[in-house]
Amino acid sequence: MPKLYIETVGCQMNMLDSELVVASLRRQGYELVTTPHEADTILFNTCSVRQHAEDKIYSALGRLKDAKKLHPHKIIGVVGCMAQKDQRLVFERAPYVDLVVGPGQLHQIPKLLDEIAAGSGPQMEVSLDRTEGNRLEVERSFESYDPLRDEQMRPSPYQAFVRIMIGCDKFCTYCIVPKVRGPEQSRPAAHIEAEVRKLAAEGCREITLLGQTVNSYSHTAEGRRWRLSDLLERLHTIDGLERIKFVTNYPLDMTDDLLEAVRDLPKVSRYLHVPVQSGSDAVLKRMTRCYTVSEYREMLARTRAMIPDVAVTSDFIVGFCGETEEDFVASARLLIEGRFKNSFIFKYSPREGTKGAELFADDVPEDVKRRRNNDLLALQTTISEEDNQRFLGREVRILVEGPSKSARKLDDDSPQVQLTGRTTCDRIVVFEGNRRQIGQFLPITIYDANAFTLFGTVVTHHVGPEVYAL
Ligand code: SAM
Ligand code: SF4
């Protein structure tokens with residue numbers, strides 16, 4: 001039985017892609033192992049969003065150079081976004097790599113591995129660049145093969161990612177995604193429903209719908225147009241499914257019908273990730289985000305007015321080309337005003353092949369980027385902590401996901417264990433419980449909180465005399 005090791009970096013899309021690759025290879029008889037030493041085939045599922053993610057992969061490849069000399073039959077593959085972006089450059093930088101496959105060609109991996117094992121030498125399959133054909137041709141070169149699943153690769157047996165669209169057409173000037181993931185394409189609602197029904201029948205209780213701009217979802221079929229709000233309504237009827245999340249939202253597409261669906265459908269999480277990127281109109285304009293700060297503010301106010309208990313999270317990029325101290329202060333002000341549950345803060349990383357890298361100089365020094373990054377992080381941590389304090393003494397309902405991070409480190413398999421789960425507004429809750437509670441929805445009373453975690457105890461309802469009287 002050939003042994004497969006796969007390492008995944010990057011976003012939830014990549015986690016789902018790895019799940020699908022593993023599923024297709026298991027069907028071919030591969031066994032999944034947990035270290036590269038035991039493996040016959042080592043795959044890296046890569047990310048290109050920032051330079052750091054690419055550097056990590058190239059240094060991991062560097063460490064395999066000697067192993068490959070000692071074991072020439074080990075197959076080394078680079079798949080995903082960096083494979084699409086760098087293509088032959090991967091072979092030039094690491095000549096012992098056998099396989100390069102872009103994210104739109106992952107279904108070819110089993111066949112390509114067979115060819116390599118049969119001695120046909122290094123193989124590469126990538127999709128067309130956006131300039132290499134008309135829209136339809138480029139779209140066709142990005143295929144997704146989502147119905148294949150592997151339960152063991154999921155975050156937990158009770159949770160699954162479901163892709164509702166691929167690609168992106170927004171072309172923010174800093175971002176490599178539209179190039180490496182191709183044109184935006186929404187999947188038919190009926191396919192998505194069938195996939196979710198199957199997951200629910202297998203015991204999955206929570207799904208997260210994935211798309212780069214998930215709220216731009218639009219598909220015409222069955223005689224009508226399906227928006228994300230329509231899809232949520234359709235999935236809401238599926239028995240066994242209890243929670244539906246979706247990421248990532250584009251601010252301009254946060255329409256009232258979607259907010260109404262989040263407000264009115266109890267299975268839909270009251271959690272919205274809506275990245276703003278900057279609090280300065282001048283910077284947003286250079287980023288081609290297509291909205292102003294006041295339009296983002298209006299969206300936020302409308303969202304909170306319609307769903308008062310919603311949790312909103314955001315992304316910020318610091319040190320984008322030409323960002324002045326005033327621009328940065330405007331971002332800090334927006335972060336404070338926005339009262340986000342959490343924000344992901346990134347230092348701008350120029351990406352070759354994007355408009356940003358072509359048109360603007362990366363002129364904010366590294367130490368300034370680092371300082372701005374740390375300043376925003378510190379502000380966000382204070383806000384998150386204050387926000388979490390509001391939960392002290394309150395009862396929340398969580399889906400129990402499994403042992404907490406610290407319990408996993410202990411390597412103890414006794415039934416009593418520290419467990420972790422999430423609220424409907426995506427807050428992490430840690431409590432002492434029993435392994436058989438994993439996968440259940442439980443009421444928890446919160447007694448402590450820091451910026452990242454709520455701590456609680458399971459609510460036990462005492463049986464009173466009125467029950468005995470029945
Ligand atoms: N599609 C999503 C959106 O529009 O928000 C997110 C896609 S991207 C993979 C996730 C985040 O990475 C972005 O929101 C942005 O903050 C950050 N990002 C993207 N390109 C970047 C770059 N070149 N340098 C630094 N951060 C970047
Ligand atoms: Fe990148 Fe912008 Fe598309 Fe998000 S919306 S994936 S940031 S181009």
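All residue numbers refer to positions in the sequence shown, counting from 1. Bear in mind that the values here come from a model prediction, so they are computed numbers and not experimental data. Whatever order the structure lists ligands and atoms in, that order sets their numbers, starting from 1.
- Panel note: side chain Asp327, backbone Ser280; no donor-acceptor pair is recorded below 3.5 Å.
- The closest approach between a heavy atom of Arg181 and any atom of ligand 2 is not below 4.0 Å.
- Of the protein's heavy atoms, Asp315 OD2, 3.9 Å lies nearest to atom 10 (C) of ligand 1.
- Ligand 1 is approached by Tyr348 to a heavy-atom distance shorter than 4.0 Å.
- Although no hydrogens or angles enter the test, the distance criterion places a donor-acceptor pair under 3.5 Å between the side chain of Tyr296 and the main chain of Val274.
- Remark: Glu202 does not engage Arg197 in a salt bridge, criterion side-chain N to carboxylate O under 4.0 Å.
- The nearest protein atom to atom 7 (C) of ligand 1, hydrogens excluded, is given as Gln212 OE1, 3.5 Å; this is a heavy-atom distance.
- Close approach to Gln212 involves these atoms of ligand 2, each under 4.0 Å from a residue heavy atom: 6 (S).
- Proximity of a side-chain donor or acceptor of Asn388 to a complementary backbone N or O of Ala451 within less than 3.5 Å is detected.
- Of all the atoms in ligand 2, the ones that sit under 4.0 Å from a non-hydrogen atom of Pro178 are 8 (S).
- Near Gln277, meaning under 4.0 Å from any of its heavy atoms, are these atoms of ligand 1: 5 (O), 13 (C), 14 (O), 15 (C), 16 (O).
- Remark: ligand 1 atoms within the under-4.0 Å shell around heavy atoms of Pro275 are 5 (O).
- Considering backbone and side-chain N/O atoms, Thr213 never comes within less than 3.5 Å of an N/O atom of ligand 1.
- For the pair Lys245 (side chain) and Cys425 (backbone), a donor-acceptor distance under 3.5 Å is absent.
- Looking at Phe171 against ligand 2, only its backbone comes within 4.0 Å, counting heavy atoms.
- Set against the non-hydrogen atoms of Thr248, the atoms of ligand 1 under 4.0 Å away are 2 (C), 3 (C), 5 (O).
- When hydrogens are left out, the protein atom nearest atom 8 (S) of ligand 1 is Val49 CG1, 4.4 Å; that is the closest non-hydrogen contact.
- A salt bridge is absent between Arg370 and Asp375; no separation between the charged side-chain nitrogens and carboxylate oxygens falls under 4.0 Å.
- The closest donor-acceptor contact from the side chain of Glu137 to the backbone of Asn134 lies under 3.5 Å.
- With a 6.0 Å radius and a threshold of 12 heavy atoms from other residues, nucleotides or ligands, Glu352 has its CD atom at or below the threshold.
- Taking every non-hydrogen atom of Arg351 and a distance limit under 4.0 Å, the qualifying atoms of ligand 1 come out as 23 (N).
- Tyr5 and Glu7 are linked by a side-chain donor-acceptor pair at a separation below 3.5 angstrom, with hydrogens and angles left out of the test.
- Contact annotation: for Pro275 versus ligand 2, there are no heavy atoms closer than 4.0 Å.
- Against a heavy-atom cut-off of under 4.0 Å, Thr213 is close to the following atoms of ligand 2: 5 (S).
- At the top of the distance list for atom 23 (N) of ligand 1, counting protein heavy atoms only, stands Ser349 O, 2.8 Å.
- Nearest protein neighbour of atom 1 (Fe) of ligand 2, counting heavy atoms only, is Cys175 SG, 2.3 Å.
- Residue-ligand proximity: Arg289 is placed with a non-hydrogen atom under 4.0 Å from ligand 1.
- Scanning the protein heavy atoms around atom 7 (S) of ligand 2, the nearest turns out to be Tyr174 OH, 3.3 Å.
- Note on Cys168: counted as a metal contact of atom 3 (Fe) of ligand 2, an N/O/S atom lying under 2.8 Å.
- With Asn450 contributing its side chain and Thr453 its backbone, the two residues share a donor-acceptor pair below 3.5 Å.
- The two residues Phe246 and Leu272 make their nearest non-hydrogen contact at CZ-CD2, 3.5 Å.
- At the top of the distance list for atom 2 (Fe) of ligand 2, counting protein heavy atoms only, stands Cys172 SG, 2.3 Å.
- For atom 18 (N) of ligand 1, the closest non-hydrogen atom of the protein is Arg50 NH1, 3.5 Å.
- For the pair Lys347 and ligand 1, a heavy-atom separation below 4.0 Å is found.
- Tested against Asp169, the residues Arg135, Arg181, Lys179 include a single salt bridge (charged side-chain N to carboxylate O under 4.0 Å, His left out) partner, Arg135.
- In this structure, atom 20 (N) of ligand 1 lies nearest to the protein heavy atom Tyr174 CD1, 3.3 Å.
- Paired with Val214 under the rule side chain to side chain contact (heavy atoms under 4.5 Å, CB included), one option of Ile164, Asp253, Thr208 passes, and it is Ile164.
- At least one donor-acceptor pair closer than 3.5 Å links the side chain of Trp226 to the backbone N or O of Ala221.
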